[in-house]
Every structure is written in C-alpha cells, then in structure tokens.
Amino acid sequence: GAGVSQSPSNKVTEKGKDVELRCDPISGHTALYWYRQRLGQGLEFLIYFQGNSAPDKSGLPSDRFSAERTGESVSTLTIQRTQQEDSAVYLCASSLRGSGDTQYFGPGTRLTVL
Amino acid sequence: EDQVTQSPEALRLQEGESSSLNCSYTVSGLRGLFWYRQDPGKGPEFLFTLYSAGEEKEKERLKATLTKKESFLHITAPKPEDSATYLCAVQGIIQGAQKLVFGQGTRLTINP
C-alpha cells in the first residue's frame with residue numbers, strides 16, 4: 001500500500017515569510033509524528049498526534065511553530081515568520097496506534113530559509 | 001532524560017568485511033528500540049524493532065541484538081548497496097512518551 005507522503009519535497013522561502021508543510025499518513029494509522037533533521041544532526045521530535053488531538057507538543061521549538069490534523073488524516077505543520085535556523089528537513093511519520101508501534105517515515109520536506 | 005549514543009560516527013569497510021555498529025542508550029523503561037536505514041535525501045526506512053534484552057532479529061545481511069544498555073547492528077559480508085546512515089532510536093515507557101529519541105547515526109560506506 002501507499003506509504004507516508006509529504007509535500008512539497010523542497011521549499012525555499014525568504015526570512016520572515018510563513019510556510020505550510022503537509023503530511024499524508026498511511027491509511028488507517030491513528031498516530032502521526034513530526035520530526036526535524038538539521039544538517040549533520042539527528043532527528044528531533046516536534047509533535048505527536050493521536051487522531052486529531054495533540055497530547056505531546058513538547059518538541060515545538062517556539063510559538064512560531066504550530067500543527068494541526070484533520071481527523072485521522074492529513075496534517076499540516078506551519079512555521080510563521082521563518083528564521084534561517086528553521087532551515088532543515090522536516091519529516092513526518094505515522095504508526096498504527098502509538099506506543100511501541102513502528103513509525104513509518106515519509107520522504108521529508110527540505111526547507112531552506114534565505 | 002532518554003539518551004542514545006551511536007558509535008562510530010562513520011565506518012568505511014571493504015565489500016565482504018563484516019563489522020558491528022553500536023547503539024548505547026539510557027531510558028526510563030524501554031518500550032522499544034528501533035533501527036532505521038537512511039539514504040541521502042530520503043526519509044528513514046524501518047529495519048528492526050527490539051523490545052527486550054536478549055532479543056535478536058535478522059534480515060538478509062543484518063542482525064540486530066539488544067542488551068539492557070546497548071544494541072548492536074551486525075553486518076555480515078556487506079555489499080556496496082548497504083552503504084547508508086544507520087539510525088538507532090528508543091521509545092520510553094513513561095505515560096504519553098510516544099516520541100522516538102534518536103542517536104546521531106553511523107554513516108557506513110562499503111567499498112567494492
């Protein structure tokens with residue numbers, strides 16, 4: 001079946017602009033996660049959704065970052081007033097339920113802030 | 001706080017030369033330890049999940065093992081197509097701790 005998809009694959013924006021990143025999870029997966037991967041670094045957790053609620057937002061680095069999810073479907077990660085330090089690959093993952101289940105990753109969105 | 005340390009950072013092997021990658025972890029109760037492979041410009045690809053000490057899993061030339069403090073990814077007679085970055089991650093057991101905590105990865109290069 002289809003895997004996790006993300007769009008756009010690449011996004012170049014100017015400092016101060018807002019961006020929206022989209023994630024379509026595997027059909028039937030109730031849990032959805034966003035991670036960030038800066039160049040040469042490990043993946044950092046941003047936020048976790050169970051259905052359309054977000055019980056863990058502890059990884060969001062500032063109030064410029066927000067995310068929402070429609071039911072058990074698509075999620076969008078919004079970054080307002082982008083800064084150069086926001087440049088990274090943003091990865092989305094989904095899992096069947098949550099605890100202990102394998103998280104399957106999408107291809108990521110590479111964000112470059114000029 | 002849950003932590004994962006992978007070593008070495010980079011490893012260069014000749015085709016057919018077996019070796020092991022290390023993942024040391026500290027976690028407040030292990031729910032699962034996960035190994036992923038990541039190719040340049042792509043998202044992590046799932047390899048294995050290990051849940052308890054003593055558990056082993058195999059897939060083709062790869063074998064993952066788990067103790068209470070570390071996991072090893074053994075690569076037997078590797079081929080150039082095994083070249084990738086290998087990521088280790090843990091998920092803790094604290095209520096609500098759904099996130100994966102990742103190590104920095106080991107960049108593996110297999111020369112023909």
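Naming: A, B, ... by sequence-line order, numbering from 1 per chain.
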Undergrad: Taking atom types as modelled, is there a side-chain donor on B:Glu15 or B:Asn111 under 3.5 Å from an acceptor on the other?
TA: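 There is no such pair between these side chains.
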Undergrad: Are A:Ser75 and A:Phe49 side-chain neighbours, meaning at least one heavy-atom pair lies under 4.5 Å?
TA: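 Sidechains of A:Phe49 and A:Ser75: in contact.
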Undergrad: Run the side-chain donor-acceptor check on residues 103-111 of chain A: report pairs under 3.5 Å with partners two or more places apart or on a different chain.
TA:
residue  : atom : partner : partner atom : Å
A:Gln103 : OE1  : A:Tyr35 : OH           : 2.8
A:Gln103 : NE2  : B:Gln98 : O            : 3.2
A:Thr109 : OG1  : A:Pro8  : O            : 2.5

Undergrad: Select, from B:Leu100, B:Val4, B:Val101, the one with the greatest count of heavy-atom pairs under 4.5 Å involving chain A.
TA: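 Counting heavy-atom pairs under 4.5 Å, the top option is B:Leu100.
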Undergrad: Would you say the side chains of A:Ser95 and A:Tyr33 form a donor-acceptor pair under 3.5 Å?
TA: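 Side-chain D/A pair, A:Ser95 to A:Tyr33: present.
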Undergrad: Select one option (side chain, backbone, both, neither) describing which atoms of A:Leu91 are under 4.5 Å from chain B's heavy atoms.
TA: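 The side chain, not the backbone.
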Undergrad: Any donor and acceptor pair, going by atom type alone, linking the side chain of B:Gln104 with main-chain N or O of A:Gly42 inside 3.5 Å?
TA: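 Between the backbone of A:Gly42 and the side chain of B:Gln104 there is a qualifying donor-acceptor contact (under 3.5 Å).
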Undergrad: Can you tell me which residue pairs pass the side chain to side chain donor-acceptor pair (under 3.5 Å) test with a partner in residues 3-16 of chain A, sequence neighbours excluded?
TA: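 Not a single pair qualifies under side chain to side chain donor-acceptor pair (under 3.5 Å).
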Undergrad: Using modelled atom types and a 3.5 Å cut-off, is there a donor and acceptor pairing between side-chain atoms of B:Gln6 and backbone atoms of B:Gly105?
TA: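 Here the side-chain-to-backbone pair exists.
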Undergrad: Select all residues of residues 73-90 of chain B having any heavy atom within less than 4.5 Å of some heavy atom of chain A, and report them by number, or 'none'.
TA: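 Within residues 73-90 of chain B, near chain A: B:Leu87.
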Undergrad: Which atoms of B:Glu45 are under 4.5 Å from chain A, going by heavy atoms: the side chain, the backbone, both sets, or neither?
TA: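 No part of B:Glu45 comes within 4.5 Å of chain A.
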Undergrad: Please state whether the side chain, the backbone, both or neither of A:Gln37 comes within less than 4.5 Å of a heavy atom of chain B.
TA: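 Contact with chain B is through the side chain of A:Gln37 alone.
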Undergrad: Under the rule for side-chain hydrogen bond (donor to acceptor under 3.5 Å, both in side chains), what residues qualify as partners of B:Thr49, not counting sequence neighbours?
TA: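 With neighbours one apart ignored, the set is A:Thr102.
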Undergrad: Go through A:Val89, A:Leu43, A:Val4, A:Ile47 and name the one with the most non-hydrogen pairs under 4.5 angstrom from chain B.
TA: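 When all of A:Val89, A:Leu43, A:Val4, A:Ile47 are compared, A:Leu43 has the most.
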